[in-house]
Q: 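One structure, as structure tokens, below. Some questions next.
Because only heavy atoms are used, hydrogens play no part in the values below, and waters and symmetry mates are left out as well, while side chains stay in. Just so we're clear, the structure is a prediction, and the values are computed from it rather than from any experiment.
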Amino acid sequence: MCQHIRLSNDVDLPRVGLGTFRSNGPDVAAAVTQALSNHIEHVDTASIYKNELDIQRALAARPVASTFVTSKLSPYEQGTEKAAEACEQILTRLQTASIDLILIHWPGVAKLPLTSPLHAQLRLQTWRVLEDFYSAGRHNNIAVVAYSSLGMGDLLQHPTVMQIATDCQRTSAQVLLRWGLQQGCAVIPKSLNPMHIAEASPRELLSWELNHQQMKTLDGMNDGQKYCWDPTSVL
């Protein structure tokens with residue numbers, strides 16, 4: 001399997017990245033350093049994580065030309081003026097003139113009722129800000145990225161996952177991440193554990209595959225359970 005997903009504008013998105021949710025200070029810096037040591041080329045952060053400065057310091061200490069950096073606009077940063085300011089602040093904290101990818105972290109706006117029509121209006125304004133930044137060369141693409149591939153840890157002990165992991169001589173986490181990769185997604189598992197980061201490196205995830213029956217079995221686990229937020233009720 002190729003290590004990158006070619007996007008519509010010919011930018012290559014690394015299939016395997018490091019998530020940094022709830023990781024700050026020396027912990028996230030050490031995780032980024034460990035990820036780079038394991039040839040993980042994608043670091044995923046967000047303005048609401050409040051760790052972009054820590055990540056910038058880690059990247060600056062060990063510069064890797066091919067490191068792909070993603071950040072996100074929070075629910076508090078939607079709408080034309082707030083989104084434009086937030087994009088500038090992301091670049092400032094990361095000490096860069098441009099960034100590879102900026103996402104809308106969540107389709108809803110903070111402190112608005114889920115049924116408010118302002119969600120759609122402000123989301124559209126935010127998207128247009130991202131388009132303007134892209135046109136100006138301030139970031140390299142706009143895309144959709146999945147997260148919580150391990151079901152917040154709940155799926156690691158699922159009997160089906162554990163059986164397939166045994167059959168493949170892999171860990172449960174590797175099975176779940178490989179399933180996501182074979183669905184055509186990029187994966188960004190979060191970890192501060194050096195062993196787990198190494199287990200989720202491109203070398204460990206891209207050198208093998210689940211067979212058709214294993215993929216079908218894992219597909220069949222879908223029971224509608226939502227991990228983290230459920231966006232389906234936001235207008």
Q: Do the side chains of M1 and L176 join up, straight or via other hydrophobic residues, at under 4.5 Å, putting them in one cluster?
A: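 They do share one cluster, since a chain of ILVMFWY contacts under 4.5 Å joins M1 to L176.
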Q: Take Q214 and C168 through the test side chain to side chain contact (heavy atoms under 4.5 Å, CB included) and record every step on the way to the result.
A: CA-CA 10 Å; Q214 289 166 338; C168 294; 3.4 Å; yes
Q: Determine whether a donor-acceptor pair (N or O, by modelled atom type, separation under 3.5 Å) exists between the side chain of T67 and the backbone of E41.
A: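 No.
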Q: Are L130 and C87 packed together at the side-chain level, in the sense that at least one heavy-atom pair is separated by less than 4.5 angstrom?
A: yes
Q: Flag yes if Y227 and V187 sit in one hydrophobic cluster, no otherwise; membership is Ile, Leu, Val, Met, Phe, Trp, Tyr, and two members link when side-chain heavy atoms are under 4.5 Å apart.
A: yes
Q: Would you kindly confirm whether L101 and I5 end up in one hydrophobic cluster when ILVMFWY residues are joined by side chain heavy atoms under 4.5 Å apart?
A: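 The answer is yes; both residues are in one hydrophobic cluster.
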Q: Working note: L206 + W208, criterion side chain to side chain contact (heavy atoms under 4.5 Å, CB included); need CA distance, chi angles, decisive distance, verdict.
A: CA-CA 6 Å; L206 302 180; W208 62 285; over 6 Å; no
Q: As an exercise, state the distance from CG of L36 to CG of L18, rounded to the nearest 0.5 Å.
A: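 L36 atom CG to L18 atom CG measures 8.5 Å (nearest 0.5 Å).
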Q: Looking at H4, H42, R6, which one forms a side-chain contact (heavy atoms from CB on, under 4.5 Å) with L13?
A: H42
Q: Return yes if some donor-acceptor pair links the side-chain N/O of D100 with the main-chain N/O of T70 below 3.5 Å, else return no.
A: no
Q: Donor-acceptor check, side chain of R15 to backbone of Q3, threshold 3.5 angstrom: yes or no?
A: no
Q: Do L73 and I90 have side chains that approach each other closer than 4.5 Å (heavy atoms only, starting at C-beta)?
A: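 Yes, side chains in contact.
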Q: Might you point out which heavy atoms bring A200 and L205 nearest each other, and give the distance in Å?
A: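 The pair with the smallest heavy-atom distance is O-CD1, 3.5 Å.
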Q: Give a yes or no on whether a salt bridge exists between D219 and K216, defined as a side-chain N under 4.0 angstrom from a carboxylate O.
A: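 No, this pair does not count.
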Q: Is there side-chain contact between S37 and R62, with at least one heavy-atom pair below 4.5 Å?
A: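 Yes, side chains in contact.
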Q: Return the CH2 to CG distance between W179 and L210, rounded to the nearest 0.5 Å.
A: 10.5 Å
Q: Does the N38 side chain pair with the main chain of I197, one donor and one acceptor, at a distance under 3.5 Å?
A: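 No, the answer is negative, given that no donor and acceptor are paired below the 3.5 Å cut-off.
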Q: Please examine the side chains of V11 and F68, heavy atoms only from C-beta on, and report whether any two atoms are closer than 4.5 Å.
A: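 In short, these two side chains touch, coming nearer than 4.5 Å.
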Q: Kindly compute the distance separating CD (Q56) from OG1 (T96), expressed to the nearest 0.5 Å.
A: 9.0 Å
Q: Mind checking whether W127 and I99 sit in one hydrophobic cluster, side chains of I, L, V, M, F, W, Y counted as touching below 4.5 Å?
A: yes
Q: Sub-3.5 Å donor-acceptor pair from the side chain of H119 to the main-chain atoms of V109, do we have one?
A: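 Side chain of H119 to backbone of V109, a donor-acceptor pair under 3.5 Å: yes, one is there.
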Q: Hey, are the side chains of M221 and L218 touching, using non-hydrogen atoms and a 4.5 Å cut-off?
A: yes
Q: Assess whether a salt bridge exists between D44 and K190, defined as any Lys/Arg side-chain N lying under 4.0 Å from an Asp/Glu carboxylate O.
A: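 Judged by the 4.0 Å cut-off on N to carboxylate O distance, D44 and K190 do not form a salt bridge.
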Q: For the pair T80 and V129, evaluate side chain to side chain contact (heavy atoms under 4.5 Å, CB included) and give the outcome as yes or no after the intermediate values.
A: CA-CA 6 Å; T80 301; V129 167; 4.2 Å; yes
Q: Ring centres under 6.0 Å, that's the criterion: do Y49 and H105 meet it?
A: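 Close enough - the centres of the two rings lie under 6.0 Å apart.
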Q: Roughly how far apart are L112 CG and L118 CG, rounded to 0.5 Å?
A: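 Rounded to the nearest 0.5 Å, the CG-CG separation comes to 5.5 Å.
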Q: Give a yes or no on this: more than 12 heavy atoms of other residues, nucleotides or ligands lie within 6.0 Å of atom CD of Q169.
A: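 Atom CD in Q169 is not crowded, with 12 or fewer foreign heavy atoms closer than 6.0 Å.
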Q: Taking it one step at a time, do M215 and Q183 satisfy side chain to side chain contact (heavy atoms under 4.5 Å, CB included)?
A: CA-CA 9 Å; M215 287 292 294; Q183 296 285 5; 3.9 Å; yes
Q: Rounded to the nearest 0.5 Å, what separates atom OG in S116 from atom CG in L122?
A: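 So the gap between those two atoms works out to 8.0 Å.
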Q: Looking at N222 and G224, would you say the former's side chain and the latter's main chain have a donor-acceptor pair under 3.5 Å?
A: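 Yes.
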Q: Please collect all salt bridge (Lys or Arg N to Asp or Glu O under 4.0 Å) contacts where either partner lies in residues 195-204, sequence neighbours excluded, each pair once.
A: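 Listed once each, the pairs are R170-E204.
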Q: Please check if the side chain of N24 supplies one atom and the backbone of K50 the other of a donor-acceptor pair under 3.5 Å.
A: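 Indeed, once roles are kept as given, a pair shorter than 3.5 Å links the two residues.
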Q: How long is the straight-line distance from CG of L59 back to CG of L94, given to the nearest 0.5 Å?
A: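 The CG atom of L94 sits 8.0 Å away from the CG atom of L59.
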Q: Is there a donor-acceptor pair under 3.5 Å between the side chain of K72 and the backbone N or O of I102?
A: no
Q: Could you give the side-chain donor-acceptor pairs of residues 153-165 under 3.5 Å, partners two or more places apart or in another chain?
A:
| residue | atom | partner | partner atom | Å |
| --- | --- | --- | --- | --- |
| H158 | ND1 | T160 | N | 3.1 |
| Q163 | NE2 | D167 | OD1 | 2.9 |

Q: Hey, is CD on E81 packed in by over 12 heavy atoms from elsewhere, all under 6.0 Å?
A: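 Counting neighbours around CD of E81, 12 or fewer heavy atoms of other residues, nucleotides or ligands fall under 6.0 Å, so no.
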Q: Counting N and O atoms only, with roles assigned by atom type, does the side chain of Q78 sit under 3.5 Å from a partner on the main chain of G108, one being a donor and the other an acceptor?
A: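 Pair found, side chain donor or acceptor close to backbone of G108.
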Q: Is the closest side-chain donor-acceptor distance between R93 and S47 under 3.5 Å?
A: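 No.
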